[in-house]
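The structure under discussion appears below in the form of structure tokens.
For reference, positions follow the sequence shown, starting with 1. All heavy atoms count here, side chains included; hydrogens, waters and symmetry mates do not.
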Amino acid sequence: MKCLHKSTSKQQMEIMLSFIEENPEMAQNYNECTAQDRQNINELWDELRTELNSLGYPNKSTSGWRKAS
């Protein structure tokens with residue numbers, strides 16, 4: 001069943017902004033990062049995705065949350 005509510009909730013947006021402020025490397029130009037930096041950034045996004053999806057709908061993939069940021 002597809003979720004009809006696709007907008008990011010206010011709570012999800014606040015958590016996302018706070019998380020990115022605490023981890024500014026997530027906002028760097030991904031193409032200019034080393035392979036190790038990219039791995040670390042991907043792990044941070046996976047951690048954030050898990051936290052945001054635990055709050056309820058909408059649930060998104062890691063790439064979906066990256067686009068929302």
Which distance, rounded to the nearest 0.5 Å, do you find between the CE of M16 and the CG of L55? 10.5 Å
Is the backbone of N31 close enough, under 3.5 Å, to the side chain of N29 for a donor and an acceptor to pair up by distance? yes
Could you give the distance from CH2 (W65) to OG1 (T50), rounded to the nearest 0.5 Å? 11.5 Å
For the pair Q12 (side chain) and G56 (backbone), establish whether a donor and an acceptor sit closer than 3.5 Å, ignoring hydrogens and angles. yes
Atom pair CG (L52) and CD (E14), whose distance is rounded to the nearest 0.5 Å: 11.5 Å
When rounded to the nearest 0.5 angstrom, what distance separates CE in M26 from CZ in R66? 7.5 Å
Distance-minimising heavy-atom pair for I20 and A27: CG2-CB, 4.4 Å
What's the shortest heavy-atom distance between P58 and S7, and which atoms? CD-O, 3.0 Å
Give the minimum heavy-atom separation between K60 and A68, together with the two atoms involved. NZ-CB, 3.7 Å
Report yes or no: does E22 contribute a side-chain atom to a donor-acceptor pair with the main-chain N or O of F19 at less than 3.5 Å? no
Run the side chain to side chain contact (heavy atoms under 4.5 Å, CB included) check on E51 and I15 step by step: do they pass? CA-CA 9 Å; E51 185 174 347; I15 288 173; 3.4 Å; yes
N23 CG to N40 CG distance, which is reported to the nearest 0.5 Å: 10.5 Å
Please enumerate all residues that pass salt bridge (Lys or Arg N to Asp or Glu O under 4.0 Å) together with D46, with sequence neighbours excluded. R49
What's the separation between atom CZ in R38 and atom CD in E32, rounded to the nearest 0.5 Å? 10.0 Å
